[in-house]
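Report on one structure; see the data block that follows.
Labels below follow one simple rule: chain letters A, B, ... track the order of the sequence lines, proteins then strands, and each chain is numbered from 1.
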There are 2 protein chains.
Amino acid sequence: MTLAEKAYDSLRRDIVAGHLKPGAPLRMAQLSERYDMGFSPLREALNRLQAERLVTSVALKGFSVAPLSMDEMWDATNTRILIESRALRLSIEQGGDEWEAGIVGTLHALMLQAARGTASEDDARALEVRHHAFHKALLVACGSGWLMEFFQRLYVESERYRHPMLAPRPGEPARDVQAEHEALARATLARDADLACALLADHYRRTAQRLESLMAPVAAAG
Amino acid sequence: MTLAEKAYDSLRRDIVAGHLKPGAPLRMAQLSERYDMGFSPLREALNRLQAERLVTSVALKGFSVAPLSMDEMWDATNTRILIESRALRLSIEQGGDEWEAGIVGTLHALMLQAARGTASEDDARALEVRHHAFHKALLVACGSGWLMEFFQRLYVESERYRHPMLAPRPGEPARDVQAEHEALARATLARDADLACALLADHYRRTAQRLESLMAPVAAAG
DNA sequence: AAATCCAAGATTTTCGAAAATCCGTATTGC
DNA sequence: GCAATACGGATTTTCGAAAATCTTGGATTT
């Protein structure tokens, strides 16, 4: 793995995790020290991330972490529903045994990690990885590289918004996300496309609403 | 404009125009001579293009022009119809006077250039620019940055396939594309979403079918 | 007092060479 | 004879410094 690829992975992780804050300028000297490499691999990584809209850049003024906004979050949510509904329908039409096995397997792995909780940083990351794997497994039989690419893009984007939610407020009742995942998997395996798509859309809309109510006070305070 | 941006524009144009052939390796030394600049700005541009799937890369083996295939062409066509249908419906719901004026204006400019023909290279490029502007104008009131981004990505992709079609075979009757554009604009301005989306889908499917019949002999020969 | 201009420092961008890696070829060993 | 390997040239990748540009602060002018 080249340094430029390491730089890409590290920067992407730090941006998605919110360790590099939205809007923050990314100075070459700082990044060079932080990731212990020269400018060249960093600039290559930043250019890739710019194409993915995770960073912005202005000529001769450098790069910044792409900002977040509630409008953009809703846009991503709605577009996600459009893309994934289509992909899910295609998968339900075309998916075979291997596809079904993937859903069952990734759901099981997700459940195990969810039961384990997210006490440590590693556990939280593992949950995120398995969550992604499950949602990808649902769609992977759609046979469309473009739908899968757009799914990936929007998944990463939504991860940026979801991150603050992973540390749930003390008093609030935790929403049973895993039950939603299970119902979604069941409808999908039963090849009930209408139900599965409805559950998927609900799943994302609820997450978005939760996020909005969670961020509203933050935005008001900041 | 920085050299890296110039490199990005030049490479993108040459790839989309087919001047750099699908699958061809992109050697740094050659590119450096061709575009008269050092490696750094070229590598930055190539990394951006890689993120947009216009070039592929393998670590330590360098970059290549991304390949084309009929499967991928159909995938892009179908995904385009999904994305643009949604964007068109949203635009028809939400678009105001400015949006309508944009459609009428860009359609008129497109017609003028189409009447002028595509004898010279410059005319062909001008037609392509106005064609893009018209299709963008139809969707621009959708209010979704993500839909617009995906539209752009798929437009560029389809441009790569469309390019060989711009030099029409001598004997063949030219399809009246501009009539389709006019009908599409009329249905859109009449706020008839169902008809407009149907025309849009037909427009793209016909282009794809035309391309398939045009490329089949090429693929068989090569 | 407000606006403009200039210089110094900070920052980004680009280059040219060094380092690391790959590929084809010929040689060695069995 | 054939596989494995070591060598040399070609290529990519990375670094460190130079060039170009921006920003900041104060001095100067209106």
**Fill in**
Here the residues of residues 45-62 of chain B within 4.0 Å heavy-atom distance, strictly under, of DNA chain C are L60(B), K61(B)
**Message:** Between Y204(A) and H135(A), does the ring pair (Phe, Tyr, Trp, His ring centres under 6.0 Å) criterion hold? Intermediate values first, please.
**Reply:** CA-CA 12 Å; Y204(A) 289 148; H135(A) 276 285; 5.7 Å; yes
**Request:** Could you list the residues that satisfy side chain to side chain contact (heavy atoms under 4.5 Å, CB included) with A59(B), not counting sequence neighbours?
**Result:** T2(A), E5(A)
**Fill in**
salt bridge (charged side-chain N to carboxylate O under 4.0 Å, His left out) pairs touching residues 85-95 of chain A, sequence neighbours excluded, are R89(A)-D194(A)
**Request:** Just jot down the side-chain hydrogen bond (donor to acceptor under 3.5 Å, both in side chains) partners of E100(B), sequence neighbours excluded, or say none.
**Result:** R191(B)
**Prompt:** Residues in side chain to side chain contact (heavy atoms under 4.5 Å, CB included) with V129(B), at least two apart?
**Reply:** none
**Asked** For Q94(A), which residues count as a side-chain hydrogen bond (donor to acceptor under 3.5 Å, both in side chains) partner, sequence neighbours excluded?
**Response** none
**Message:** According to salt bridge (charged side-chain N to carboxylate O under 4.0 Å, His left out), does anything in residues 132-151 of chain B pair up with another residue at least two apart or in another chain? List the pairs.
**Reply:** R53(A)-E149(B), R153(A)-E149(B)
**Fill in**
Contacted region of DNA chain C by chain A, from 5' end to 3' end of the hits, cut-off under 4.0 Å to heavy atoms, spans dT11(C) to dT14(C)
**Contact list for residues 101-114 of chain B, test salt bridge (charged side-chain N to carboxylate O under 4.0 Å, His left out), sequence neighbours left out** = none
Let me have the donor-acceptor pairs involving side chains of residues 12-19 of chain A, under 3.5 Å, with sequence neighbours excluded, atom names and distances please.
from   : atom 1 : to     : atom 2 : distance (Å)
R12(A) : NE     : Y8(A)  : OH     : 3.4
D14(A) : OD2    : R34(A) : NH2    : 3.3
D14(A) : OD2    : Y35(A) : OH     : 2.6
H19(A) : ND1    : R34(A) : NH2    : 3.4

Let me have the donor-acceptor pairs involving side chains of residues 138-145 of chain A, under 3.5 Å, with sequence neighbours excluded, atom names and distances please.
from    : atom 1 : to      : atom 2 : distance (Å)
S144(A) : OG     : W146(A) : N      : 3.4
S144(A) : OG     : L147(A) : N      : 3.0
S144(A) : OG     : D75(B)  : OD1    : 2.5
S144(A) : OG     : D75(B)  : OD2    : 3.3

**Request:** Go through residues 26-40 of chain A and report each residue with a non-hydrogen atom lying under 4.0 Å from DNA chain C, sorted by number.
**Result:** L26(A), R27(A), M28(A), F39(A)
